[in-house]
Amino acid sequence: MAVSTKPARGMRDFLPADVRRREYVIGVVSAVFEAYGFEPIETPAVENIETLTGKYGEEGDRLIFKILKRGEGATSGEADLALRYDLTVPMSRVVAEYRAALPKFFKRFQIQPVWRADRPQKGRFREFYQCDVDATGSTAMTVEAEQLAAAADVLTRLGFGDFTIRLNHRQVLAAILDAAGVGRDLHGTALIALDKADKIGRDAVVTDMVARGVTAVAAGALVDLLFGLEGRDNAAALDALGAFIGTHETGARALGELREILALTAGLSAGPHVRIDATLARGLGYYTGAIFEINVADLAGSLGGGGRYDDLVGMFLGQKVPACGISLGLERILVVMSERGMFPASVERAPAAVLVANFDADARADVLALAAELRRDSGLAVEVYPDVDKLGKQFKYAAERGIPFVAVLGAQERASGEVAVKTLATGAQEAVARTRAAEYIVSNMGLFRG
RNA sequence: GUGGGUGUAGCUCAGUGGUAGAGCUCCGGACUGUGGCUCCGGCUGUCGCGGGUUCGAAUCCCGUCAUCCACCCCA
């Protein structure tokens with residue numbers, strides 16, 4: 001065996017138990033999104049490369065998986081296609097392409113894999129699913145509020161109680177930097193330093209900023225502001241930010257938007273989880289307004305994130321279409337749920353409810369017939385042991401797979417028109433009339449419902 | 001792209017220069033119409049790969065690959 005049987009780096013195979021868990025989470029996500037009036041769409045795995053480049057910022061562009069051009073590309077290294085990096089950009093392309101056919105307010109959700117040429121680590125893969133909700137056509141903060149509520153509903157229904165939704169605004173960040181006296185050309189690099197505030201501490205942030213060209217006075221002012229916000233509630237934080245930026249026009253308007261989002265979510269599921277965080281920056285290039293990120297204590301990365309991007313669709317259409325969206329990371333959610341054992345018993349269920357034993361070559365046709373009767377009459381999944389084998393092996397197989405009942409149809413049972421049904425959890429076994437076997441199993445099935 | 005940890009049986013790992021081990025799993029049997037418990041017996045290895053040092057390398061050195069963790073960034 002010379003060839004490795006492992007999947008490619010950062011990619012994973014999903015065995016039955018994995019798929020069941022994934023489908024459970026996806027089911028909750030779609031049900032919640034649909035309840036908010038979002039409609040599903042799907043787009044191709046592959047996009048023309050120019051659709052993707054220049055949308056994510058320098059760091060993002062570097063992580064795009066490119067596909068060599070057929071033919072001469074194999075030698076020249078030229079790429080004309082790429083695997084999608086997220087779902088937001090393809091969705092924006094779709095909105096631009098089908099603008100006339102789509103409703104004025106287009107609310108879509110999309111649950112599909114995306115690919116990033118990143119270095120894998122805990123909760124980070126090169127192929128992973130995103131669950132995105134986005135709405136185009138409105139600049140109202142009701143959009144942000146509802147999307148935060150939808151995300152909070154999903155997490156709450158999955159059993160999360162301890163998540164934090166960090167909320168900030170790109171224009172607030174810009175206003176703070178302006179007010180501190182940081183030149184526009186240094187905004188990007190200053191944000192990177194600022195983003196680390198909660199990790200590396202006050203002095204390190206100042207040092208970092210100065211190294212990036214920010215004056216010591218400006219860096220000091222920023223740090224005083226940010227660390228002065230610690231421990232304050234949302235209203236106090238917004239007031240402090242407002243005092244700092246003073247009469248800065250776009251900044252004041254942005255703060256107003258954050259106040260509105262807080263007011264609108266206050267009575268919703270998201271309300272208790274939202275926290276103003278002036279250090280939240282987010283690297284993706286296309287955000288223009290409110291930005292958010294969902295975190296949980298036991299994971300370094302985020303469970304989800306998003307924000308408003310009013311110019312992205314316009315990059316394809318040439319006409320401004322406001323948009324806002326939020327993305328939940330399926331694998332991140334699954335990693336935490338698996339570690340915490342948050343899956344309900346119904347998800348960890350056995351593949352079948354009944355195993356029909358097969359130990360008499362002459363009875364094989366009748367065994368298959370019994371299985372068909374049980375499926376029809378009980379509605380349960382019924383599996384037949386394919387090989388003629390010792391009964392002991394078959395009981396062991398059923399026990400290992402977690403199948404709760406074994407039905408035995410041997411010469412004795414066939415002669416008497418009965419089926420021996422054994423309940424593995426209790427060890428109880430009863431001979432029941434073949435016509436009543438399904439009913440017997442169903443009535444005992446309640447013991448195993450989680 | 002940067003830094004670090006780990007690669008030995010199907011799995012978890014021990015073995016720090018002298019003939020490759022344990023536990024679990026698996027298979028068979030005790031129990032040829034009954035799983036879990038117990039007991040008995042048995043299988044399994046290019047020690048990640050390539051080179052170097054050495055009389056001798058799983059062990060030391062170099063390289064490489066894989067994987068995990070962290071950084072960056074992100075879901």
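The sequence lines fix the lettering, A, B, ..., with proteins before strands; numbering per chain opens at 1.
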>> Can you confirm whether R21(A) sits close enough to L334(A) that some side-chain heavy atom of one is under 4.5 Å from a side-chain heavy atom of the other?
In response: yes

> Can you tell if the side chain of V46(A) reaches within under 4.5 Å of the side chain of I67(A), non-hydrogen atoms only?
Replying inline: yes

Distance, [atom1] atom - from [M] to [N], rounded to whole angstrom:
N	M	atom1	value
C47(B)	C60(B)	C1'	16 Å
A57(B)	G50(B)	C1'	15 Å
G21(B)	A9(B)	C1'	10 Å
U38(B)	G18(B)	C1'	41 Å
G45(B)	G4(B)	C1'	29 Å

With both distances kept under 3.5 Å, what pairs with [N], Watson-Crick or G-U wobble?
N	answer
G35(B)	none
G3(B)	C69(B)
C13(B)	G21(B)

> Below 6.0 angstrom between ring centroids: does that apply to Y309(A) and Y286(A)?
Replying inline: yes

Look at the side chain of [X] and decide which nucleotide, out of [options], has an atom nearest to it.
X	options	result
K422(A)	G3(B), G35(B), C72(B)	G35(B)
E400(A)	C26(B), A70(B), G33(B)	C26(B)
F359(A)	G35(B), G33(B), G4(B)	G33(B)
R124(A)	C72(B), U34(B), G33(B)	C72(B)

> Within 45° of the six-membered ring axis of F395(A) and under 6.0 Å from that ring's centre, is NZ or CZ of K422(A) located there?
Replying inline: yes

Does [X] place a side-chain N or O at less than 4.0 Å from the phosphate oxygens OP1/OP2 of [N]?
X	N	value
R282(A)	C73(B)	no
K393(A)	G28(B)	yes
R9(A)	U67(B)	yes
Q121(A)	A70(B)	yes

> Does the ring of F128(A) lie flat against the base of A75(B), closer than 5.5 Å centre to centre with planes under 30°?
Replying inline: yes

For atom [atom1] of [X] and atom [atom2] of [N], their distance in whole Å:
X	N	atom1	atom2	answer
K396(A)	A30(B)	NZ	C1'	14 Å
M11(A)	C68(B)	CE	P	13 Å
L303(A)	C74(B)	CG	C1'	13 Å

>> Under a 3.5 Å distance rule, please check whether E413(A) uses its side chain to pair with a backbone N or O of G410(A) as donor and acceptor.
In response: yes

